[in-house]
Amino acid sequence: VSAGAQPVLGRYLDEIDRGLGAGPADRRDVLDEVRDHLLEVAGARQAAGLDEHAAALAAVEEFGCPRRVAAGFRRALALRESGRLVRDTWRMFLVFAVPGTTAWFLLPAMLVHDLDPRGMPLVGGAQASGLLMALGLVAISLLRVRRPWLRERRLPALLGLSAVLAWFVALDTGICAAFFAVRVALAEQYPSALPWAVAAGMAGGAVALRMVRPHTSTRLLLATLRAASTR
Amino acid sequence: MNAEQLKGHLDGLLLAVLEAGPMHGYAVIEALRAHSGGAFDLPSGTVYPALHRLELAGMIVSDWSVVSGRRRRTYRLTRAGRSTLADERSSWRAFAGAVGSLLGNPT
């Protein structure tokens with residue numbers, strides 16, 4: 001298929017692209033796959049005697065209305081993205097559960113006075129409970145949420161939980177970062193390290209936000225709820 | 001036969017087509033058309049999202065390659081897909097047998 005067919009295919013692919021509403025990597029995969037199909041069909045039609053423009057038109061017509069096609073893909077892409085988010089969030093929650101609970105319990109003790117050794121069982125208990133909770137949630141996710149994004153009835157609940165966890169992880173990371181920065185500032189022997197500690201804390205918070213994407217979980221949750229209410 | 005009539009069977013049909021071996025989307029659609037004697041002539045745009053859903057369900061997996069300078073996605077059945085296909089086949093036989101016993105012979 002030569003340049004004569006490209007405007008027809010290009011416009012059609014642009015229309016699908018506008019309706020996909022997914023990340024760049026997912027969109028690129030869909031568009032490459034559709035383009036490959038259209039070029040195959042157009043090539044076959046040309047071999048059967050159509051001119052290149054008519055062959056391209058036949059290919060896009062056979063593929064279907066671009067808005068409807070995009071809607072079909074959008075659902076599958078949203079499920080794929082939701083699945084990735086749910087997995088990432090649970091994984092991050094596990095990673096952050098222990099330092100998070102430690103920070104929550106150590107922060108007041110360290111800011112107000114030196115840590116009382118008698119408080120250590122409390123800290124250990126907090127760590128263990130955080131770890132157990134995370135492990136329990138991950139176990140549930142493995143047992144019941146193995147393919148959650150396909151069981152669409154559960155999707156809003158899963159996304160809601162993931163959004164809550166994602167915000168928790170992001171906020172918790174920020175609190176941990178602030179805690180370490182304050183600790184360094186209070187430690188008289190390392191006053192010059194404060195800017196570095198603050199920068200490291202901010203970087204940690206930014207990385208956590210980037211990894212768990214709480215805003216995306218929330219957006220997908222709202223989109224899923226909207227779709228469920230209009231179905 | 002239109003897409004609405006095929007609703008509920010499309011996943012099983014796609015798995016059955018892929019049982020023959022790995023295929024890209026265009027080949028899957030052509031095989032559907034050919035094996036059904038032209039009866040299953042669906043808009044291609046409905047088949048690709050169905051393939052994506054099957055992949056999300058773990059029934060099939062896809063690999064990318066480059067053919068004639070363009071990226072091509074090829075699908076193949078997984079073990080879970082084979083097992084689902086076997087289930088689909090046995091439930092279809094039971095269903096078709098029951099319907100056939102009523103509609104197949106005039107009383």
Side-chain angles (χ1 to χ4, degrees), chain A residues 1-2 6 9 12-13 15-16 19-20 22 25-45 58-84 86-87 145-152 155, chain B residues 2-4 6-8 10-12 14-15 17-18 22-34 38 40-76 78-81 83-84:
Chain A
V1 176
S2 60
Q6 294 300 341
L9 302 186
Y12 185 78
L13 289 170
E15 272 197 69
I16 291 183
L20 288 178
D26 283 338
R27 276 184 12 236
R28 178 177 168 239
D29 283 352
V30 166
L31 295 176
D32 281 353
E33 189 173 26
V34 175
R35 184 181 295 109
D36 181 44
H37 178 98
L38 295 175
L39 289 172
E40 287 248 327
V41 175
R45 296 293 177 274
V60 300
E61 192 174 317
E62 192 183 295
F63 207 85
C65 163
R67 263 181 293 175
R68 221 175 273 171
V69 169
F73 276 119
R74 197 163 56 230
R75 201 152 155 242
L77 290 174
L79 293 172
R80 191 183 292 271
E81 194 177 4
S82 303
R84 271 201 301 260
V86 169
R87 266 198 312 270
V145 191
R146 216 163 152 198
R147 304 267 176 218
W149 39 101
L150 269 192
R151 297 170 194 168
E152 294 180 44
L155 192 62
Chain B
N2 62 32
E4 197 56 35
L6 276 181
K7 209 174 177 182
L10 183 57
D11 288 0
L14 293 174
L15 293 177
V17 164
L18 284 168
M23 289 180 202
H24 65 303
Y26 177 74
V28 169
I29 291 162
E30 286 297 302
L32 261 183
R33 194 174 295 155
F40 300 157
D41 193 8
L42 299 169
S44 312
T46 60
V47 173
Y48 282 93
L51 286 169
H52 285 215
R53 283 197 302 276
L54 285 172
E55 188 178 25
L56 282 168
M59 307 291 168
I60 58 177
V61 287
S62 67
D63 303 297
W64 286 95
S65 57
V66 176
V67 179
S68 310
R70 55 187 199 247
R71 290 176 80 221
R72 171 165 294 171
R73 190 178 215 161
T74 306
Y75 297 93
R76 61 189 155 85
T78 62
R79 192 184 293 175
S83 145
T84 304

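Note on naming: letters A, B, ... go to the chains in the order of the sequence lines (proteins, then strands), and numbering restarts at 1 for each one.
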Next item on the list: Check the pair B:Arg73, A:Asp32 against side chain to side chain contact (heavy atoms under 4.5 Å, CB included), reporting the backbone distance first and the verdict last.
Entry: CA-CA 9 Å; B:Arg73 190 178 215 161; A:Asp32 281 353; over 6 Å; no
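- Using a 4.0 Å cut-off between charged nitrogen and carboxylate oxygen, A:Glu33 and B:Arg70 do not count as a salt-bridge pair.
- With a 4.5 Å cut-off on non-hydrogen atoms, A:Ala44 touches chain B through its side chain but not through its backbone.
- In this structure, B:Ile29 CD1 and A:His37 NE2 are separated by 4.5 Å, a value rounded to the nearest 0.5 Å.
- Neither the backbone nor the side chain of A:Val34 has a heavy atom closer than 4.5 Å to any heavy atom of chain B.
- Closest non-hydrogen pair, B:Arg71 versus A:Asp36, comes out as O-CB, 3.7 Å.
- Residue B:Arg33 places its CZ atom among more than 12 non-hydrogen atoms of other residues, nucleotides or ligands, all under 6.0 Å distant.
- Counting all heavy atoms, side chain and backbone alike, B:Trp64 lies closest to A:Asp29 at CH2-O, 3.4 Å.
- Counting only heavy atoms from C-beta outward, the side chains of B:Arg72 and A:Glu40 approach each other to under 4.5 Å.
- Among B:Ala27, B:Ser44, B:Ser68, B:Ala50, the residue with the largest count of heavy-atom pairs under 4.5 Å with chain A is B:Ser44.
- Closest approach of A:Ala76 to B:Pro49, counting heavy atoms only: CB-O, 4.3 Å.
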